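Following: one structure in structure tokens, then a few remarks.
What you see is a predicted model, and the numbers here were worked out from it, not measured in a lab. Lettering follows sequence order; numbering is per chain, from 1.
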Protein chains: 2
Amino acid sequence: MTIKEVCEKYDITPDTLRYYERVGVIPEVNRTKGGIRDYSEQDIKWVENAICMRSAGVPVEMLIEYVSLFQKGNSTIEARCNLLKEARVEVQKQLDKYQNTMDRLNYKISRYEEAVKTGVLTWDAENIKKD
Amino acid sequence: MTIKEVCEKYDITPDTLRYYERVGVIPEVNRTKGGIRDYSEQDIKWVENAICMRSAGVPVEMLIEYVSLFQKGNSTIEARCNLLKEARVEVQKQLDKYQNTMDRLNYKISRYEEAVKTGVLTWDAENIKKD
DNA sequence: TATTGACTTGGAGTTAACTCCAAGGAGTAT
DNA sequence: ATACTCCTTGGAGTTAACTCCAAGTCAATA
């Protein structure tokens, strides 16, 4: 699979894919004789994983460390597991924040929708105090 | 309330608070005769709101626009409501991504925990294909 | 064989959101 | 009144994660 196809599949740019490979977010990708990237199934799995993790704010640095450990073989299984748990703690924290923000947005919007009907805010839109 | 107290309350830096005020993420804050910021209850509500929204990745620019609309009065109620809905769409998208990443992390960690016990990976840790 | 178009590299540039800094002012303890 | 601490400002600097660029290579087509 060419870099272009992978990019279309995941809606990212070639620059981002090359960047991921260059810094080690994914392992080195297969090449043709001419030196052109030819992504294998495995390569694509790594790409998919990187995109998923990055979409939840897992830092590039942590992904690099994970790949580095992976390439050292089975002796790093525990270290990799710990790294994943570390990532999970952060992702969960963020998830909670997003949920909290959704709650606030939903509350404000429901209040605003009432106000849109009447054209007047009878309550203080910003005066939302958490109990 | 002084800037320091607000910072301690929300665990942010004075620089960030001043930055928020400067660019308009929050309205201008009350001052003492000497020109020192003295945050009112309302000011603090705005700070709280800004921090909450920012923690879920709502862009500074959107918050600026919201405050700007707010200051124009009741004629902007519908516009503000639409802005909030726009924000909600994005926050929900991110929330879904975070949940998806959590699922992936949980799956990988559970597999790794099995492997940690035996010291060997009997399955391909990276070969996680979504159906 | 000449051109086309996609690919390659290393390195420089961009962006959002802070974060730091220097110079100076105000309020309080001694 | 002197020292000390915290505050003020405008503007410059930093950071992570891309994103762009120039120069060059390669395979396929006219």
Separation of D:dT9 atom C1' from B:Glu21 atom CD, nearest Å, is 12 Å

A:Met53 atom CE is separated from D:dA17 atom C1', nearest whole Å, by 18 Å

Among D:dC18, D:dT9, C:dC18, the one nearest any side-chain atom of B:Arg31 is D:dT9

Of all heavy-atom pairs linking A:Glu78 and B:Val116, the shortest is CA-CG2, 4.0 Å

- Message: Taking A:Glu113 first and then A:Lys117, would you say they form a salt bridge - that is, a charged N and a carboxylate O separated by under 4.0 Å?
- Response: no

Here the distance between atom P of C:dA17 and atom CD1 of B:Ile12, to the nearest Å, is 15 Å

### Task
Would you mind classifying the nucleic acid contact of A:Pro59 as base, sugar-phosphate or nothing, using non-hydrogen atoms under 4.0 angstrom?
sugar-phosphate

By nearest-heavy-atom nucleotide on DNA chain C, the more 5' of B:Glu61 and A:Thr2 is A:Thr2

Would you say C:dA6 has OP1 or OP2 under 4.0 Å from some side-chain N or O of A:Arg37? no

All heavy atoms of A:Ala87 vs all of B:Leu105, minimum pair found to be C-CD1, 4.2 Å

B:Thr16 has its side chain closest, among D:dT19, C:dC18, C:dC7, to C:dC18

Distances under 3.5 Å between protein N/O atoms and the N/O atoms of nucleotides 20-29 of chain C, please, pair by pair.
from: C:dC20; atom 1: N4; to: B:Asp15; atom 2: OD1; distance (Å): 3.1

For a quick test of reading the model: is some side-chain N or O of B:Tyr20 closer than 4.0 Å to OP1 or OP2 of C:dC18? yes

Note: A:Ser55 and B:Tyr98 closest approach over all heavy atoms is O-CE1, 3.9 Å

In whole angstroms, the gap separating C1' of C:dC7 from CG of A:Leu17 amounts to 13 Å

Side-chain atoms of B:Tyr19 come closest, of C:dC7, C:dA17, D:dC7, to C:dA17

Report, one line per pair, each donor and acceptor closer than 3.5 Å where one atom sits in a side chain of residues 18-28 of chain A; sequence neighbours left out.
from: A:Glu21; atom 1: OE1; to: A:Arg37; atom 2: NE; distance (Å): 2.6
from: A:Glu21; atom 1: OE2; to: A:Val29; atom 2: N; distance (Å): 3.1
from: A:Glu21; atom 1: OE2; to: A:Arg31; atom 2: NH2; distance (Å): 3.4

Exercise. Is the side chain of A:Thr101 donor-acceptor paired with the backbone N or O of A:Lys97 at a distance under 3.5 Å, no angle test?
Worked result: yes

task = Check whether more than 12 heavy atoms from other residues, nucleotides or ligands sit under 6.0 Å from atom CD of B:Glu61, and answer yes or no.
result = no

